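Each chain gets a letter, A, B and so on, in the order the sequences are listed, and its residues count up from 1. The shown structure was predicted, so the numbers you read here are calculated from the model rather than taken from an experiment.
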2 protein chains.
Amino acid sequence: MQNIEEQYVSCERELAAIRDSLEILGGKWKLRIMRHLNNHINENNTFKKIQREIDGISAKMLSKELQELEINLLVTRKVMDTRPVTVSYAITQYGLSVFPVNESLVKWGLNHREQIK
Amino acid sequence: MQNIEEQYVSCERELAAIRDSLEILGGKWKLRIMRHLNNHINENNTFKKIQREIDGISAKMLSKELQELEINLLVTRKVMDTRPVTVSYAITQYGLSVFPVNESLVKWGLNHREQIK
DNA sequence: GTAACCGGTTACCTTTAGTTAACCGATAAA
DNA sequence: TTTATCGGTTAACTAAAGGTAACCGGTTAC
């Protein structure tokens with residue numbers, strides 16, 4: 001049995017973890033991009049190809065979101081030796097760890113639609 | 001095996017579900033409040049008591065967030081027959097369904113701290 | 001009558017998230 | 001030399017989220 005102080009610390013740690021997850025995976029585009037890369041995992045996902053295939057995303061947002069995903073080790077960026085230069089993005093092995101979170105959000109959201117109708 | 005159209009619909013449904021989940025459970029306070037109500041489930045959680053115990057939350061935000069949680073059937077609001085009147089909030093049975101999502105966010109966030117350090 | 005408690009609401013402000021459109025350098029094709 | 005492609009960046013904007021502080025009606029205790 002934990003004492004009060006340990007309970008408090010554990011609670012703070014969990015709250016910080018939730019903040020981290022929502023900051024890194026939340027927002028309008030992050031999971032959208034991760035899912036797209038995962039659904040096209042055997043393709044050469046260049047910047048332009050991703051932008052064409054994700055409906056509504058601007059170059060600015062795609063660039064910004066990919067940078068943040070790369071910083072968090074969820075995707076890799078590889079400059080290809082083509083003319084003109086293309087840049088290929090891919091989900092990392094570690095990036096696959098977001099899919100349980102993705103699934104729990106999907107599951108809850110789908111069920112919630114049933115619940116409130 | 002699904003055809004292309006069915007895949008597309010399923011993908012749109014899942015993306016909408018993620019948007020719903022993040023809209024209803026995301027933000028700075030929603031899960032914070034749900035966790036608090038769950039941790040104090042046998043107590044009389046009045047507005048003032050919740051506000052005292054959740055560090056940093058303003059009356060405005062607490063009021064707004066509780067209203068939205070109530071609309072989504074996640075908490076109940078009960079005006080008590082006391083002087084002066086108090087209002088008691090409680091998590092619903094359905095509200096408990098957020099904890100698997102909560103757990104997956106906690107788990108991913110905790111692991112991510114390890115991963116990037 | 002005045003002060004205090006409860007459960008809020010309102011107005012105003014700041015910060016963050018996201019959009020739009022123009023622009024950039026490097027390269028290559030016509 | 002003009003035009004196009006790729007992978008962005010920049011500036012300027014709007015929209016959404018959240019914070020701060022003052023205020024409110026109803027009630028009770030002094």
What's touching nucleotides 23-25 of chain C from the protein side, N or O pairs under 3.5 Å?
none

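Between Met34(B) and the choices Leu96(B), Val75(B), Val101(B), Asn102(B), the side chain to side chain contact (heavy atoms under 4.5 Å, CB included) rule is met once, by Val75(B).
Separating the NZ atom of Lys49(A) from the C1' atom of dG8(D) is a distance of 19 Å, rounded to the nearest angstrom. Rounded to a whole Å, the CE atom of Met80(A) is 17 Å from the C1' atom of dT5(D). Rounded to an integer number of Å, the gap from NZ of Lys64(B) to C1' of dT20(D) is 15 Å. Nucleotide dG19(D) holds its P atom 12 Å from the CZ atom of Arg32(B), rounded to whole Å.
With sequence neighbours left out, the salt bridge (Lys or Arg N to Asp or Glu O under 4.0 Å) criterion links Glu103(B) to no other residue. Partners of Lys30(A) by side chain to side chain donor-acceptor pair (under 3.5 Å), not counting sequence neighbours, listed by chain and number: Glu68(A).
Side-chain contact between Arg35(A) and Val106(A): present, with at least one pair of heavy atoms (C-beta onward) separated by less than 4.5 Å. Counting heavy atoms from C-beta on, the side chains of Ile91(B) and Ile41(B) come closer than 4.5 Å. At least one side-chain heavy atom of Val85(B) sits less than 4.5 Å from a side-chain heavy atom of Val79(B). Annotation: side chain of Asn44(B) is not in contact with side chain of Lys49(B) (no heavy-atom distance under 4.5 Å). Between Arg77(B) and Val87(B), some side-chain heavy-atom pair lies under the 4.5 Å cut-off.
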Quick one: side chains of residues 57-66 of chain A, donor-acceptor pairs under 3.5 Å with protein atoms, not counting sequence neighbours, listed by atom name and distance.
from     : atom 1 : to       : atom 2 : distance (Å)
Ser58(A) : OG     : Met61(A) : N      : 3.3
Ser63(A) : OG     : Gln67(A) : NE2    : 3.4

Result block: side-chain N/O donor-acceptor pairs under 3.5 angstrom for residues 17-27 of chain A, not counting sequence neighbours:
from     : atom 1 : to        : atom 2 : distance (Å)
Asp20(A) : OD1    : Arg113(B) : NH2    : 3.3
Asp20(A) : OD2    : Arg113(B) : NE     : 2.6
Asp20(A) : OD2    : Arg113(B) : NH2    : 3.0
Ser21(A) : OG     : Ala17(A)  : O      : 3.1
Ser21(A) : OG     : Leu105(B) : O      : 2.7
Ser21(A) : OG     : Gly109(B) : N      : 3.2

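Among pairs with a residue in residues 64-117 of chain A, those fulfilling ring-ring contact (aromatic ring centres under 6.0 Å, His included) read Tyr94(A)-His112(B), Trp108(A)-His112(A), His112(A)-Tyr94(B), at least two apart in sequence or across chains. Note on residues 44-71 of chain B: no pairs pass ring-ring contact (aromatic ring centres under 6.0 Å, His included), not counting sequence neighbours. Sorted by first and then second residue, the pairs that involve residues 16-38 of chain A and meet ring-ring contact (aromatic ring centres under 6.0 Å, His included), not counting sequence neighbours, are His36(A)-His40(A).
Of the side-chain N and O atoms in Tyr89(A), one or more sit less than 4.0 angstrom from OP1 or OP2 of dG8(D).
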Test side-chain contact (heavy atoms from CB on, under 4.5 Å) on Ile50(A) and Leu37(A) and set out the steps. CA-CA 8 Å; Ile50(A) 300 171; Leu37(A) 290 178; 3.9 Å; yes
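Annotation: the span from Glu53(B) atom CD to Asn39(B) atom CG amounts to 10.5 Å, rounded to 0.5 Å.
Residues from residues 65-76 of chain A placing a heavy atom under 4.0 Å of any atom in DNA chain C do not occur. Of the residues in residues 50-63 of chain B, those placing a heavy atom less than 4.0 Å from an atom of DNA chain C are Ala59(B), Lys60(B), Ser63(B), in numerical order. DNA chain D is contacted by no residue of residues 17-28 of chain A, taking any non-hydrogen atom closer than 4.0 Å.
Nucleic acid contact class of Thr82(B) (heavy atoms, under 4.0 Å, all strands): none.
Side-chain contact check for Ser104(B) and Ser104(A): at least one donor-acceptor pair (N or O, by modelled atom type) lies under 3.5 Å.
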Reading nucleotides 23-30 of chain D from the 5' end, what letters show protein touch, with B for base, S for backbone sugar-phosphate only, - for no heavy atom under 4.0 Å? ---BSS--
